[in-house]
Amino acid sequence: MTTPVFTIAHHAEPDGVLRVCLAGEFDMSVGDALSAALLEAAARPGVTRVLVDLAQTRLIDSHAIAGLVAGYQAATSAGRNFTVVNARGLVQQVLDITGLSEVLCAQP
């Protein structure tokens, strides 16, 4: 089994927003790395909102979903907003099927 190519990049934006850009494929082989990155983002000092950008994400599985939920729970427990944006195609379908798009995704 080969490990998918993925990147997780943090970009601080004005007003306490931390954009976490995910690129590539997120399956069980990288689920722990995703969870750790989102938990760290939720706990980062000065952050008021974690914005997870999935524009470059091609695949998410149940492990990635668990990472997103863990990040959401950590952020909300710390009194911070957590929003997923720019999901497309299969990634958006997974969020829709699981019902998480209603909770995690920004409303137009």
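By convention here, the first residue in the shown sequence is residue 1.
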Shortest non-hydrogen separation from [X] to [Y] and the atoms involved:
X: F26; Y: T7; value: CZ-O, 3.6 Å
X: H11; Y: C21; value: CD2-SG, 3.6 Å
X: A78; Y: A42; value: CB-O, 4.2 Å

I want to check something: taking the side chain as every heavy atom from C-beta on, are L95 and I60 in contact at a cut-off of under 4.5 Å?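 A side-chain contact exists here, since the closest heavy-atom pair is under 4.5 Å.
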Hey, does the side chain of D61 reach the backbone of M28 with a donor-acceptor pair shorter than 3.5 angstrom?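 Checking the backbone N and O of M28 against the side chain of D61, a donor-acceptor pair under 3.5 Å is found.
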Side-chain donor/acceptor of T76 to backbone N/O of N81, under 3.5 Å: no
What residues form a salt bridge (charged side-chain N to carboxylate O under 4.0 Å, His left out) with R44, not counting sequence neighbours?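 If we apply the salt bridge (charged side-chain N to carboxylate O under 4.0 Å, His left out) test to R44, skipping adjacent residues, the hits are E40.
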Do V85 and V20 sit in one hydrophobic cluster, given that two such residues count as connected whenever their side-chain heavy atoms are within less than 4.5 Å of each other, even indirectly?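 Shared cluster, no.
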Report, as yes or no, whether the 6.0 Å neighbourhood of atom CG on D32 holds more than 12 heavy atoms from other residues, nucleotides or ligands. no
Whether over 12 other heavy atoms sit under 6.0 Å from Q92 CD: yes
Assess whether side chain to side chain contact (heavy atoms under 4.5 Å, CB included) is satisfied between I8 and V30, documenting all intermediate values. CA-CA 11 Å; I8 302 171; V30 296; over 6 Å; no
Only counting residues at least two apart or in another chain, list the ones meeting side chain to side chain donor-acceptor pair (under 3.5 Å) with D53. R19, N86
Checking L68 against L104 for the side chain to side chain contact (heavy atoms under 4.5 Å, CB included) test, could you report, in this order, the C-alpha distance in whole Å, the side-chain angles of both residues, the deciding distance, and whether it holds? CA-CA 8 Å; L68 290 171; L104 300 180; 4.1 Å; yes
Criterion side-chain contact (heavy atoms from CB on, under 4.5 Å) against V69, the qualifying member of V103, L38, L100: L100
